[in-house]
There are 2 protein chains.
Amino acid sequence: MSVSSTPSSPRYPGADRDARPDVSTIEDVLHGAGYRSTRPRRTIIETILDQAHPFTPEHLLAAVHRADPSLGRATVYRTLEILGALDVLTRVVVAEGHSAYVVGLPGHRHHLVCSGCGAAVPFTACPVDHLMAELSRTTNFAIQSHVLQFIGVCPACQPTP
Amino acid sequence: MSVSSTPSSPRYPGADRDARPDVSTIEDVLHGAGYRSTRPRRTIIETILDQAHPFTPEHLLAAVHRADPSLGRATVYRTLEILGALDVLTRVVVAEGHSAYVVGLPGHRHHLVCSGCGAAVPFTACPVDHLMAELSRTTNFAIQSHVLQFIGVCPACQPTP
DNA sequence: ACAACGAATGATACTACGTCTCAGTTATGT
DNA sequence: ACATAACTGAGACGTAGTATCATTCGTTGT
Ligand SMILES: [Mn+2]
Ligand SMILES: [Mn+2]
Ligand SMILES: [Zn+2]
Ligand SMILES: [Zn+2]
């Protein structure tokens with residue numbers, strides 16, 4: 001879905017642009033927000049960082065269970081909710097009415113998603129400013145965020161002619 | 001979600017821009033696609049056209065049952081699926097990970113959605129062409145569609161200062 | 001008007017995904 | 001080490017959506 005509140009983005013202290021966060025960086029974010037650092041959460045974060053593509057909660061739960069079958073379902077859902085609220089994870093629309101999580105990167109991003117394999121390519125360009133100002137003026141809405149993304153077929157998923 | 005395949009939009013023969021379709025217009029669309037015209041479907045379409053805001057399947061089911069409690073749940077879901085596939089209905093993202101249906105209008109549209117009351121204001125401006133071409137070139141994706149929308153608070157839902 | 005046929009329907013059972021509760025465990029500050 | 005609150009996993013539960021299937025209904029050809 002990539003609802004990006006215009007001024008907000010995950011805070012990775014000192015992270016390079018385009019660098020994916022690592023486990024301890026995300027744990028620092030949790031800490032900073034008053035959450036504790038636990039073994040189940042570490043396992044979940046490690047599993048998240050293993051994902052090459054956007055993932056659903058169910059998909060992640062299965063992957064987590066491969067690492068630790070005793071880790072509770074509720075813990076996975078609870079952790080996803082927290083990481084989503086902290087903007088460590090954001091959402092992309094992968095099909096009409098279906099969204100999935102991706103690891104957030106610093107800065108304002110949107111995604112180009114492959115409808116074949118599910119790959120999500122982030123990009124930073126965002127041509128909505130002028131339109132947003134115009135809509136604010138004409139409708140008197142207080143605009144909070146926007147959703148922008150492209151769906152297509154990546155080179156690897158295109159039929160060879 | 002408003003995944004608008006760039007060249008596609010609902011085909012309402014002779015409809016004015018900005019005119020909402022009526023029941024028989026939508027029935028014509030069904031007919032044209034080889035579907036039959038039935039009383040349950042008419043009830044569902046009437047109920048859809050009564051909705052002032054984007055609606056979920058559950059919300060619609062409840063509204064349909066107010067009109068005809070004997071109308072089957074499966075029929076409502078099946079009809080929504082058909083109308084979605086025919087682009088009579090499209091989806092808007094109403095919150096992180098949640099989308100709802102709106103009646104499609106002719107032409108290429110996106111929406112500005114109120115996070116308070118759920119109102120969806122359509123607009124036709126779409127500033128993505130240049131970016132889309134650039135992304136096609138740099139990534140070699142075959143881009144099929146895009147999602148663009150704004151979320152904010154409508155004038156009526158804004159706190160009075 | 002009628003018959004024939006496939007499409008569509010609604011009841012019901014079922015599944016998948018997510019939530020809630022709660023007793024026991026663990027991280028954290030002192 | 002202790003006290004405390006946060007966190008956990010088990011399992012019951014709820015809800016939204018799907019599958020099945022016998023019956024009904026819309027459409028088409030006569
Ligand atoms: Mn943007
Ligand atoms: Mn557009
Ligand atoms: Zn692909
Ligand atoms: Zn509003």
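In the text below, chain A, chain B and the rest are named by the order of the sequence lines, each starting its count at 1.
The overall bend of the helix from C:dA1-D:dT30 to C:dT30-D:dA1, read as the angle between its terminal helix axes built from five base pairs each, is 50° when rounded to 10 degrees.
Listed by first and then second residue, the side chain to side chain donor-acceptor pair (under 3.5 Å) pairs involving residues 65-75 of chain A are A:Asp68-A:Ser70 (not counting sequence neighbours).
Qualifying side-chain contact (heavy atoms from CB on, under 4.5 Å) partners for B:His31, counting only residues two or more places apart in sequence or in other chains: B:Ser37. Applying the side-chain contact (heavy atoms from CB on, under 4.5 Å) rule to A:Thr38 yields the partners A:Arg36, A:Pro40, A:Arg41; only residues at least two apart in sequence or on another chain are considered. B:Ala33 pairs by the side-chain contact (heavy atoms from CB on, under 4.5 Å) definition with B:Tyr35, B:Leu86, not counting sequence neighbours. Residues passing the salt bridge (Lys or Arg N to Asp or Glu O under 4.0 Å) test with A:Arg42 are A:Glu27, sequence neighbours excluded. Applying the side-chain contact (heavy atoms from CB on, under 4.5 Å) rule to B:Glu58 yields the partners B:Thr56, B:Leu61, B:Tyr77; only residues at least two apart in sequence or on another chain are considered.
Atom-to-atom, CD1 of A:Ile44 to C1' of D:dT8 comes out at 10 Å; the value is rounded to the nearest Å. In this structure, A:Asp68 places its CG atom 18 Å from P of D:dC7, rounding to the nearest Å. Atom CD in A:Glu96 sits roughly 15 Å away from atom P in D:dG17 (whole-Å rounding). Between the P atom of D:dG17 and the CZ atom of B:Phe55 lies a distance of 12 Å, rounded to the nearest Å.
Nucleic acid contact for A:Ser70: sugar-phosphate only, since backbone atoms but no base atoms lie under 4.0 Å from a heavy atom of the residue. Within the nucleic acid shown, B:Leu61 has no heavy atom closer than 4.0 Å to any nucleic acid atom.
Closest approach of A:Phe123 to A:Leu112, counting heavy atoms only: CE2-N, 3.8 Å. Nearest heavy atoms, A:Tyr101 versus A:Pro57: CE1-CG, 3.9 Å. The shortest heavy-atom contact between B:Phe141 and A:Val113 is CE2-C, 3.8 Å.
Mapping heavy-atom proximity under 4.0 Å, the span of DNA chain C touched by chain A runs 5' to 3' from C:dC17 to C:dT28.
Nearest-nucleotide positions on DNA chain C for A:Glu58 and B:Gly34 put B:Gly34 closer to the 5' end.
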Margin query: Please evaluate residues B:His110 and A:His146 with respect to the criterion ring pair (Phe, Tyr, Trp, His ring centres under 6.0 Å), reporting the C-alpha separation (whole Å), side-chain torsions for both, the decisive distance (0.1 Å), and the verdict.
Written below: CA-CA 11 Å; B:His110 297 286; A:His146 59 270; over 10 Å; no
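Side chains of B:Asp22 and B:Thr25: a donor-acceptor N/O pair is present below 3.5 angstrom, by distance only.
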Can you tabulate the close N/O pairs, meaning under 3.5 Å, that link protein atoms to atoms of nucleotides 11-13 of chain D?
| unit_1 | atom_1 | unit_2 | atom_2 | d |
| --- | --- | --- | --- | --- |
| D:dA12 | N6 | A:Arg73 | NH2 | 3.2 |

Pairs of donor and acceptor atoms involving the side chains of residues 45-54 of chain A, under 3.5 Å and at least two apart or interchain, shall be tabulated with distances.
| unit_1 | atom_1 | unit_2 | atom_2 | d |
| --- | --- | --- | --- | --- |
| A:Thr47 | OG1 | A:Thr43 | O | 2.7 |
| A:Gln51 | OE1 | A:His59 | NE2 | 3.1 |
| A:Gln51 | NE2 | A:Thr47 | O | 3.0 |

Identify each donor-acceptor pair in which a side-chain atom of residues 152-161 of chain B lies under 3.5 Å from a protein atom, sequence neighbours left out, and give them as a table.
| unit_1 | atom_1 | unit_2 | atom_2 | d |
| --- | --- | --- | --- | --- |
| B:Gln158 | NE2 | A:Asn140 | O | 2.8 |
| B:Gln158 | NE2 | B:Val153 | O | 3.0 |

Next item on the list: Do nucleotides 23-30 of chain D as a string where each nucleotide becomes B, S or -: B if the base has a protein heavy atom under 4.0 Å, S if just the sugar-phosphate does, - if no protein is that close.
Entry: ---BS---
